[in-house]
Amino acid sequence: MWFGIFCNPGGSVNKLELNNYGLEGTLHGFSFSSFPNLSYVSLSGNNLFDSIPSQIRYLSKLIYLDLSSNKLSGKIPPEICLLTDLEVLSLGDNHLNGSILEEIGHLKSLSKLYLCSNSLDGFIPISLSNLSNLEYLHLYNNELSGFIPPEIGNLSNLVELIIDSNILTGLIPPTFGNLKRLTSLLLFNNSLSGPIPSELGNLGSLVELSLQTNHLNGSIPPSLGDLGNLTHLYLNFNNLSGTIPEELGNLKRIQNLELSGNQLHGSVPNSFVNLRNLNVLHLCENQLSGKIPQGIGDFMDLTKLQIGTNQFTGFLPQNICLSGSLQKFSASNNHFTGRVPKSLKNCSSLTRVRLEGNQLTGDISDDFGVYPTLNYIDLSYNRFSGKISSNWGRCPKLGALKIGGNNITGSISLEIGKLTQVHVLDLSENHIVGAIPKEIGKLTSLEQLMLNGNQFSGAIPSELGSFTNLEYLDLSSNRLKNSIPSNFGNLSKLNYLNLSHNNFSQTLPVSLMSLFQITEMDLSFNSLNGEIPSEICKMQSLEKLNLSNNYFSGFIPTAFEKMRALLYIDISYNDFQGPIPGSKAFLDAPIEALQGNKGLCGNVTGLEHCNNSSKESHKVVFLTVFPIMGALLGLFAFFQVFIAFQRKKDPESEQSDMHKVEFLSITTVDGRTVYQEIMKETEGFDDLYCIGKGGCGSVYKAKLPSGVILAVKKLHPAHDGRKGFQKEFINEIRALTEIRHRNIVKLYGFCSHPQHPFLVYEYFERGSLAKILENEDSAELLDWNKRLNIVKGVAYALSYMHHDCVQPIIHRDISSRNILLDSQYDAHVSDFGTAKLLKLDTSNWSSLAGTYGYVAPELAYTMKVTEKCDVYSFGVLALEILMGKHPGDFICSLSSPSAMKNIKLKDVLDRRLPFPQLLVEDELLNTVVKVVIKCLDFQPQSRPTMNFISNVLRAKIALS
């Protein structure tokens, strides 16, 4: 006997069981006619591809056929319907298409039919109703459309009817009330409408009823209270209205009851106190009001209670954690008053608590205990008083502690230094006093720190400069003094800094200008003095800067003119003098943002025009123009030397090429030397040094003798008979060399030699994102935090290109192969602007059309390219980063209006990684996935701008 192959007593093979055996190839080479006695075939979990052969009809004695989880494609062969003894058919998790065969109705003996996780389309055929012996009908996770045939209600032997996650429309047939043996009815994630049939109350055997995420309307039928065996009822995320029927309190076996995301009103029925087996109760996001029955929780084994975003009043149920098993409790954004339930203090099972946005009172140090598994708690914007308890330091898994907007007093306990896992710490808008303890510097995982609106005094402890993961820091509206710590320049990921309304003095540390990612900085209402360092131009991501109400003096550096991202500036009420810079932020600033200085001038309404004939102006002009003239002379001399070098090398082309060859270099080394070294180190662009190929050209790695490594893209020659580059092309490349953004690959220069034109870029050792995702080992190193940072980095780069460049740049070819990663896994967009530089009528470079699978759908019927094409490609790329592979046809499932409700994060995320922690999970689902859905809208005008997207990702806000 061979492994997985079994024979009957007569020696004939009757069973093949080779699940997950690594088989590859097609079934077309299998000799079906040689195995007339096969009754059992299971080949699931392999790599079989191509179609299912029609010769399968020769297996006339087949009872069990499982070909699931392969790569089979094509249509289901009608010959399967000749297998009249078949009882189990499993074709799930393949790439099958076409409609479900009506001939399946001829399989009279069929007891189980599984057609899950395919790409089946078409309608559910009425002929399925002929399968009178059918017990299990599984059609989930396909692309079935149309109405559910009422004739399905004639399948009186059905035990399970599971047709969720399709695009079915119309009503739920009332005939389903005839399926008396039914234990599971799962219709969720479709587009079903109309009311819930009251006939479903006849299904006395029903254990699970799942109708969530549809468009069902009307009221909840009271007859559902007759389902005595029901343990799970999911009606959430529909358009149900009316009140919650009192009869639902009769569901004595119910464990999960989810009614969130509807338009239900009225109060929670008192009969709910009878639901002794209830584990999960979700009532969030309705219009419910009144008081919660105090008996809820008395005898229940509640693990999740979520009643947030309603209009509930009164006290919270006091015994919600009487059983000691409550894990998630959300009652946020209601009108609850009084103290928190006493049972919460000793509820050691808690993992997540949200009580923000109520009117709860009590002593925060007495009403909460020690929670070994708690990872998120938000008590913000209530009326809690007392001091910050040292108990929080004994919650080892706490990732977010948010208690802003209360009446907390006293100082911060030194125990705060034990919260080593905390990512978000919000103590803002309280009455906390004393110094910021240096122990807070031990919280090395911090990403957001909000201490604003308190009465902190003294200096900022230097330990805060060690927060290398910090992205958001707000210390405003306190009594802090002395200087801004110079080691704040080490906060490399910081994108928001607010130190306003304090008593900081001295000058701005030059090291602060190293915050390359910062987008908003507010230092207003302090006592800072001195001049603004010219190094401020390094802050290339800065969008908003407020320096008002300080004692800054001197001239405003012209370096501001290099800050292309800067949109808003306020320098009012300082001692600045001289001309304002010619940047958009200054020229568009209202006079209120410039007033209160003693000598500003410029072309802004409300300011005096500058007197260019003054001695000071002459001095400024001389100091500015003279170095530029010297640089231009040097550059001209360099071009002459380089052209002469080319002449010497190729005398025959001396006359024809001398006016065409140009090599622009912004490095400090000699251009001629760079050119020679590139040619030498790549041995004239030998394939040995090629590290990638694309539509525009091939990329080579060139390690220069100095140790500098460059990426050199040798462009394909033009195919229009011309050898030289157009003047417009050269001018565009010159402009691109001026681009400065940390998430865009730096273009150093170009060579326009007719035989080997090339571009010179930064080199990144980790290579492309596509290469990393394709490799199992490297993909596992790309954890969720790194992937989130990549999504953000690409968004920041595209926002800069679309909105902050003098002439907006549309990339046209955003894909994982054009995203390069550095040693820290930070993203860098490559090939930026290359497609923009080419004319459609003079080039056949395929990159103009973008990369297949990333191209916006409107380009199929129009050649008009807008920035919204990049937005669509960004959406595909972001989804690919989450899934670990190109999303393919999954994109189509995101086009429905209810797409967000249909998505389960576990079905989207790359399974090679462990499921993300709670805070990251929230950011992925409530921010990134929602952004992706908006980006993939088929209507370009409905897609958001990259500026909006970058702001949403930066702020980590949940989209509605």
Side-chain angles (χ1 to χ4, degrees), residues 646 649-650 661-665 667 669 671-719 723 725 729 733 736-737 744-779 811-823 825 827-835 837-838 843-854 877 886:
Q646 290 299 319
K649 182 175 180 181
D650 191 1
V661 178
E662 187 169 3
F663 188 90
L664 175 63
S665 173
T667 63
V669 297
R672 175 177 177 178
T673 302
V674 171
Y675 172 80
Q676 290 175 317
E677 289 178 347
I678 287 174
M679 296 300 294
K680 179 181 179 181
E681 296 302 325
T682 62
E683 298 183 23
F685 297 110
D686 190 282
D687 285 345
L688 179 65
Y689 301 93
C690 184
I691 57 176
K693 295 184 178 182
C696 297
S698 300
V699 182
Y700 297 82
K701 178 180 177 182
K703 184 175 182 180
L704 305 186
S706 62
V708 175
I709 302 178
L710 300 174
V712 183
K713 173 173 283 188
K714 183 177 183 294
L715 302 174
H716 296 321
H719 286 249
K723 294 183 178 179
F725 276 33
F729 182 70
I733 289 187
L736 291 176
T737 58
I744 295 179
V745 174
K746 179 60 186 167
L747 173 62
Y748 288 134
F750 73 100
C751 171
S752 65
H753 194 287
Q755 294 180 358
H756 38 68
F758 60 79
L759 305 172
V760 183
Y761 292 96
E762 286 180 274
Y763 173 79
F764 293 101
E765 59 271 29
R766 293 196 185 276
S768 72
L769 173 63
K771 181 180 177 182
I772 289 177
L773 290 177
E774 289 167 0
N775 182 279
E776 294 291 330
D777 295 332
S778 60
H811 191 286
R812 293 190 174 194
D813 195 14
I814 290 294
S815 70
S816 57
R817 300 195 179 280
N818 283 335
I819 307 300
L820 304 181
L821 304 183
D822 60 22
S823 59
Y825 292 96
H828 302 266
V829 176
S830 68
D831 282 355
F832 63 97
T834 303
L837 308 179
L838 308 176
S843 174
N844 70 338
W845 289 357
S846 60
S847 62
L848 281 171
T851 300
Y852 179 77
Y854 299 86
L877 174 68
H886 189 278

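On a predicted model such as this, the values are computed, not experimentally measured, just so you know. Just so it is clear, the values below take in all heavy atoms, side chains as well, and ignore hydrogens, waters and symmetry mates.
- Residues P705 and E677 approach most closely at CD-CD, 3.6 Å, considering heavy atoms.
- The closest donor-acceptor contact from the side chain of S768 to the backbone of N818 lies at 3.5 Å or more, if one exists at all.
- For S816, the side-chain hydrogen bond (donor to acceptor under 3.5 Å, both in side chains) partners are Y854, E880, not counting sequence neighbours.
- To the nearest 0.5 angstrom, L759 atom CG is 12.5 Å from L710 atom CG.
- Not less than 6.0 angstrom separates the ring centroid of F758 from the ring centroid of Y700.
- Remark: F764 pairs with H828 by the ring-ring contact (aromatic ring centres under 6.0 Å, His included) rule, at least two apart or across chains.
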Checking D813 against H811 for the side-chain contact (heavy atoms from CB on, under 4.5 Å) test, could you report, in this order, the C-alpha distance in whole Å, the side-chain angles of both residues, the deciding distance, and whether it holds? CA-CA 6 Å; D813 195 14; H811 191 286; 4.0 Å; yes
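- Atom NZ of residue K680 and atom CG of residue L704 lie 11.0 Å apart, to the nearest 0.5 angstrom.
- Shown here for A711 and E762, the closest heavy-atom pair between the two residues is CB-O, 3.4 Å.
- When every heavy atom of R817 is checked against every heavy atom of A770, the shortest pair comes out as CG-CB, 3.6 Å.
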Before giving the answer on side-chain contact (heavy atoms from CB on, under 4.5 Å), spell out for I691 and Y763 the whole-Å C-alpha distance, their side-chain angles and the decisive distance to 0.1 Å. CA-CA 11 Å; I691 57 176; Y763 173 79; 3.9 Å; yes
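- Using a 4.5 Å heavy-atom threshold, the side chains of I819 and V829 count as touching.
- Nearest heavy-atom pair across L688 and D686 is N-OD1, 2.8 Å.
- Nearest heavy atoms, T682 versus A702: CG2-CB, 3.9 Å.
- Expressed to the nearest 0.5 Å, how far CG of L773 lies from OG of S778 amounts to 7.5 Å.
- By the side-chain hydrogen bond (donor to acceptor under 3.5 Å, both in side chains) test, Y825 pairs with R766, sequence neighbours left out.
- Atom-to-atom distance recorded for S698:OG and F685:CZ is 10.0 Å, nearest 0.5 angstrom.
- Atom CG of L747 is separated from atom NZ of K713 by 10.5 Å, given to the nearest 0.5 angstrom.
- The side chain to side chain donor-acceptor pair (under 3.5 Å) test with Y689 singles out one residue from K701, K703, E683, and that residue is E683.
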